[in-house]
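Note sheet for the following structure.
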Amino acid sequence: MTVTVLMVAEKPMLAESIAKLLSDNQANKRKGWNGACSVSEYMGSFMGQNARFKVTSTCGHVMTTDFPLKFNNWDRTDPTELYSSPTVKIEANPKLKMVDYLASEAKAADYLVLWLDCDKEGENICFEVVDAVRNSMKRPMNGNFMDVVYRAHFSAITEKDIKAAMRNLGRPDINMSLSVDARQELDLRVGCSFTRFQTKYFQGKYGDLDSTVISYGPCQTPTLGFCVTRHDQIVQFKPEPYWVLQTTFTTASGEEIRPEWERGRIFDREVAQLFLERIKKAKTATVVEITKKEGRKEKPMALNTVELMRVASSYLGLSPQTTMTVAEHLYVSGYISYPRTETTSYPPNFDLVGTLRMQANDSKWGHIARNILEQGVQKPKKGEDKGDHPPITPMKPSNGQLSGDSARVYDYVTQHFIATLMGPCIYEITTIRLKCGEEELTLQGRDTIVPGFTEIMTWLAVEDERRMPNFKRGDTLTLKEAELADRETSPPSYLTEAELISLMEKHGIGTDASIPVHINTICQRNYVTVESGRRLIPTKLGISLVHGYLRVDRELVLPTMRSEVETQLSLIAKGQADYLAVKNHALEMFRLKFVYFVKNIPLVDTLFEASFTTLSEAGKPFSRCGKCHRFMKLVEAKPQRLFCPACQETYNLPSSKDGILRTYGDRKCPLDEFDLVYWQGPGGKLSRSFALCPFCYNNPPFEGMRNGDGCDKCSHPACPHSFMKNGVCGCLMECGGVLVLDPMSHPKWRLCCNRCSSVVGLFEGALKVKVTDKNCDECNSQFVSVDYKDKSPLPEGKTSFKGCIFCDQAVKECINLNHAYLDEEARQKSIQSGRDRGRGRGRGRGGPRGRGRGR
């Protein structure tokens with residue numbers, strides 16, 4: 001009897017690598033029906049039985065936590081309700097149909113083996129996969145489905161590691177998964193409640209916030225707090241003057257030396273002047289002591305995630321987010337071990353010599369690796385075993401196949417690994433003490449004796465400092481020059497990403513997986529900007545937010561509360577704390593803080609008033625409001641919106657970075673009398689463009705319309721601007737959209753799909769183009785009416801045409817289908833098969849069902 005074993009990895013590339021290694025490169029690969037994943041199949045044995053293996057993958061999380069649809073309407077839901085409202089699990093990427101895909105591949109499978117990343121998030125995805133396939137697989141004899149579910153634990157994509165994981169299968173850990181569930185729900189409820197309230201409150205008052213949302217996050221905000229705290233220290237710093245005594249002496253041979261004054265800085269000028277006079281009075285200095293001592297620079301501990309991000313930011317100039325993306329790619333490709341780990345100690349059975357031997361032929365450091373192998377590997381520095389994954393190490397040589405950031409990150413991982421097997425850097429410090437009257441001065445120099453690990457980590461090498469004179473005790477030097485140098489104390493510099501990562505690790509903010517996400521978020525939200533040296537400079541918005549939180553409730557921004565929550569979540573993962581008790585306690589704590597914050601929002605608002613321009617003062621008159629019939633102002637900051645000073649209401653618009661907004665003459669929406677505006681997408685004549693009513697754009701009038709839909713998606717049967725009047729046919733790409741006449745495309749008239757990027761050019765240079773109410777009997781497309789003033793390209797010199805642009809061969813030269821298909825092959829295939837002549841192009845005009853907008 002042959003059993004079927006379904007094996008699921010976290011990413012398609014990882015699944016392919018696992019299948020190749022376990023099948024000895026004998027697996028047959030096919031494309032999964034969802035288009036994103038592949039399935040590799042091979043024969044083997046499992047649990048002592050003949051087995052057919054199917055290896056596929058997810059694309060990260062299968063599910064995500066969200067609120068039911070009715071709670072996602074910002075206008076109809078009080079943010080306070082979000083702490084008690086139900087939550088649901090929805091597909092993380094509905095387009096992939098991952099649940100249905102996994103269920104279909106799991107049909108009739110006897111066993112499930114999970115190859116998800118071996119961290120808390122990976123454990124959580126394990127149970128998402130289990131839920132997706134539970135009802136498709138064969139039921140075990142005892143009825144307990146989890147008896148046929150296994151978990152592979154691995155830290156590198158190598159044949160040795162993967163086959164060892166297959167021989168030592170374990171079980172998925174529900175406690176680790178529950179800790180992730182708790183964090184997801186906590187972040188969702190807390191983040192959404194604060195973010196919705198803040199965004200509506202402040203964007204409804206100020207026009208230059210320059211951020212789409214004013215977000216809050218239990219980890220994100222303390223991260224921002226570190227940056228603003230450093231900014232405050234810089235702003236509040238008061239420079240203080242001090243003086244340093246600088247001297248120049250000459251030796252008997254005429255050589256000049258400049259020793260350092262032992263007293264260092266003096267903050268009283270009169271006292272400093274007194275010491276200067278003493279030096280000048282003495283005129284000579286005597287060598288009183290010459291000492292030599294050994295200095296050591298210790299080699300690094302084994303590499304973990306935080307250290308990788310720190311060095312990549314400060315040494316390679318890469319953001320933490322970019323670093324982890326590159327490291328993840330290197331891991332999946334088999335070049336390095338799993339890049340998310342807190343451990344800095346190699347396991348006792350780790351093959352240090354074998355891993356080093358793989359680097360012996362590298363053109364950059366092969367000679368160093370060979371020397372270590374010949375002289376013997378030094379014992380690595382003792383680190384800390386966090387019980388998760390081994391440190392990050394190279395798993396195979398690059399052989400010159402990597403480039404760009406991938407090569408740089410791989411090189412550093414390899415250099416760090418080799419450095420941990422080398423000795424310390426040993427150098428000699430020579431100190432010469434001089435006495436000039438009663439004042440002491442020193443000369444100091446360094447000479448490297450044994451470079452040790454700095455031979456490969458050259459940027460950490462000890463620089464040889466100055467050539468020391470050949471002095472003997474009792475030698476006399478003559479004072480040539482002495483003066484006071486006036487200086488002043490300087491403020492600390494802005495936090496670098498590397499320093500911020502250290503602070504987050506120290507205070508327990510985020511995990512090795514989430515730290516780069518939080519730093520990236522505060523940059524995307526325009527709370528900080530990244531300047532030269534990867535220093536993080538807070539913006540007005542970031543500063544105002546943090547100062548406002550500190551006014552209302554310091555715990556909203558200080559790291560202490562989130563650190564305590566992270567500790568409790570870790571106890572859930574270890575099975576030492578109850579999931580519901582920890583989650584509910586944390587939610588109640590944040591709910592009370594949210595209620596208090598809402599009551600005291602004026603304390604925050606006073607800071608915003610001092611930094612930002614109110615909506616009534618911002619923007620320029622643009623189009624008329626349908627309620628008061630006065631001009632509304634266009635506020636072009638993020639998010640772009642219209643503000644009516646009379647009604648004190650705002651209306652969101654398409655993003656200014658994605659296109660250009662223009663007025664649309666005197667055309668009005670028949671539902672609410674708002675002036676219509678016209679949005680031209682990026683890419684000129686090949687981009688989707690449409691008219692929109694500001695009110696309908698924010699308050700969809702008909703079922704099937706969503707926030708952000710324009711007139712090209714409006715189903716009003718009589719409105720001259722809706723797709724019911726301007727739609728010609730179904731999209732030629734069969735995406736479910738409708739090709740709608742672009743009313744502002746004169747003289748290069750075109751039809752644009754209201755769902756995808758398909759475009760049909762037609763009747764270039766025509767004076768008028770309209771869609772009529774009559775449709776084609778052959779293909780069901782709407783007839784188009786065209787008028788030319790002169791120089792008509794129509795047959796027989798006609799200046800007008802009315803008919804089907806697809807079925808009337810007389811006008812085919814006036815129709816350009818080049819951009820109606822995703823590629824030329826699809827276009828030619830469609831034309832040749834005759835599909836462009838009428839298959840499924842009816843607009844399907846159905847009467848709209850209004851929702852009673854009560855205007």
Side-chain angles (χ1 to χ4, degrees), residues 5-11 14 47 56-66 86-92 98-99 102-103 106 109-155 165-166 168-189 338 340-343 386-389 510-514 565-587:
V5 182
L6 176 67
M7 304 210 294
V8 182
E10 191 161 324
K11 297 174 181 65
L14 186 58
M47 301 294 176
T56 187
S57 73
T58 66
C59 292
H61 271 284
V62 179
M63 309 298 288
T64 188
T65 304
D66 203 351
T87 59
V88 292
K89 288 284 189 179
I90 62 172
E91 289 206 50
M98 191 60 69
V99 172
L102 292 172
D110 298 278
Y111 296 95
L112 174 65
V113 181
L114 300 160
W115 291 83
L116 287 309
D117 288 351
C118 298
D119 56 13
K120 292 176 183 177
E121 294 292 334
E123 217 66 35
N124 190 251
I125 302 174
C126 280
F127 286 92
E128 293 174 356
V129 173
V130 167
D131 290 340
V133 305
R134 184 187 297 271
N135 296 324
S136 297
M137 290 178 57
K138 291 180 182 178
R139 302 301 298 178
M141 296 294 292
N142 63 1
N144 185 3
F145 178 72
M146 294 305 294
D147 283 351
V148 296
V149 178
Y150 294 89
R151 172 71 156 112
H153 293 93
F154 56 100
S155 296
M166 191 66 182
N168 300 280
L169 295 175
R171 302 286 186 176
D173 188 334
I174 187 63
N175 292 319
M176 291 180 69
S177 178
L178 287 174
S179 72
V180 175
D181 284 339
R183 180 185 286 109
Q184 285 180 348
E185 185 173 338
L186 182 65
D187 289 347
L188 174 70
R189 294 186 188 275
Y338 191 61
R340 302 190 190 279
T341 177
E342 298 178 24
T343 294
K386 293 286 189 176
D388 49 357
H389 287 275
T511 63
D512 52 7
S514 65
V565 171
E566 287 290 347
T567 301
Q568 294 298 311
L569 293 175
S570 295
L571 292 177
I572 294 176
K574 296 174 183 177
Q576 298 173 1
D578 181 69
Y579 159 72
L580 287 175
V582 169
K583 182 188 73 172
N584 293 337
H585 173 74
L587 284 174

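The structure displayed is predicted, hence computed values, not measured ones.
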- Query: Picking from Glu123, Arg151, Met176, Arg340, what satisfies side-chain contact (heavy atoms from CB on, under 4.5 Å) with Cys118?
  - Reply: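 Result: among Glu123, Arg151, Met176, Arg340, Arg151 is the only option passing the side-chain contact (heavy atoms from CB on, under 4.5 Å) with Cys118.
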- Message: For Asp110, give me all partners under salt bridge (charged side-chain N to carboxylate O under 4.0 Å, His left out), at least two apart in sequence or on another chain.
- Response: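 Salt bridge (charged side-chain N to carboxylate O under 4.0 Å, His left out) list for Asp110, sorted by chain: Lys138.
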Check whether [X] reaches the backbone of [Y] with its side chain - one donor and one acceptor, N or O, closer than 3.5 Å.
{"X": "Asn175", "Y": "Ala573", "result": "no"}
{"X": "Thr58", "Y": "Glu10", "result": "yes"}
{"X": "Arg171", "Y": "Asp147", "result": "yes"}
{"X": "Glu128", "Y": "Val62", "result": "yes"}

What's the spacing between [X] [atom1] and [Y] [atom2] if we round to 0.5 Å?
{"X": "Thr87", "Y": "Arg189", "atom1": "OG1", "atom2": "CZ", "value": "5.0 Å"}
{"X": "Ser177", "Y": "Ile572", "atom1": "OG", "atom2": "CD1", "value": "11.0 Å"}
{"X": "His153", "Y": "Leu169", "atom1": "NE2", "atom2": "CG", "value": "9.5 Å"}
{"X": "Asp181", "Y": "Leu569", "atom1": "CG", "atom2": "CG", "value": "11.0 Å"}
{"X": "Leu102", "Y": "Ser57", "atom1": "CG", "atom2": "OG", "value": "8.5 Å"}
{"X": "Asp173", "Y": "Ser179", "atom1": "CG", "atom2": "OG", "value": "8.5 Å"}

- In chain order, what residues pass the side chain to side chain donor-acceptor pair (under 3.5 Å) check against Lys120, with sequence neighbours excluded?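 Lys120 satisfies side chain to side chain donor-acceptor pair (under 3.5 Å) with no residue once adjacent residues are dropped.
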Can you confirm whether [X] sits close enough to [Y] that some side-chain heavy atom of one is under 4.5 Å from a side-chain heavy atom of the other?
{"X": "Met63", "Y": "Val99", "answer": "yes"}
{"X": "Asp117", "Y": "Leu14", "answer": "yes"}
{"X": "Tyr150", "Y": "Met166", "answer": "no"}
{"X": "Leu114", "Y": "Val130", "answer": "yes"}
{"X": "Phe127", "Y": "Met146", "answer": "yes"}
{"X": "Leu186", "Y": "Val565", "answer": "yes"}
{"X": "Ile90", "Y": "Thr64", "answer": "yes"}
{"X": "Leu587", "Y": "Glu185", "answer": "yes"}

- Message: Checking Glu121 now: which residues fulfil side-chain contact (heavy atoms from CB on, under 4.5 Å) with it, not counting sequence neighbours?
- Response: His61, Asp119, Val180, Gln184
- Message: Test of understanding: with side-chain contact (heavy atoms from CB on, under 4.5 Å), list the residues that count as partners of Asp388, not counting sequence neighbours.
- Response: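 Checked Asp388 against side-chain contact (heavy atoms from CB on, under 4.5 Å); matches are Thr341, Glu342, Thr343, Lys386.
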Which heavy atom in [X] sits nearest to a heavy atom in [Y], and how many Å separate them?
{"X": "Ala165", "Y": "Phe154", "value": "CB-CB, 4.1 Å"}
{"X": "Met137", "Y": "Tyr111", "value": "CE-C, 3.5 Å"}
{"X": "Asn142", "Y": "Asn144", "value": "OD1-N, 3.0 Å"}
{"X": "Leu6", "Y": "Ala106", "value": "CD2-CB, 3.6 Å"}

- Taking ring pair (Phe, Tyr, Trp, His ring centres under 6.0 Å) as the test, write out the residues that go with Tyr338, two or more places apart. Tyr331, His389
- Task: Can you run down the side-chain hydrogen bond (donor to acceptor under 3.5 Å, both in side chains) pairs that involve residues 565-580, sequence neighbours left out, and say none if there aren't any?
- Result: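 Listed by first then second residue: Arg183-Glu566, Arg562-Glu566.
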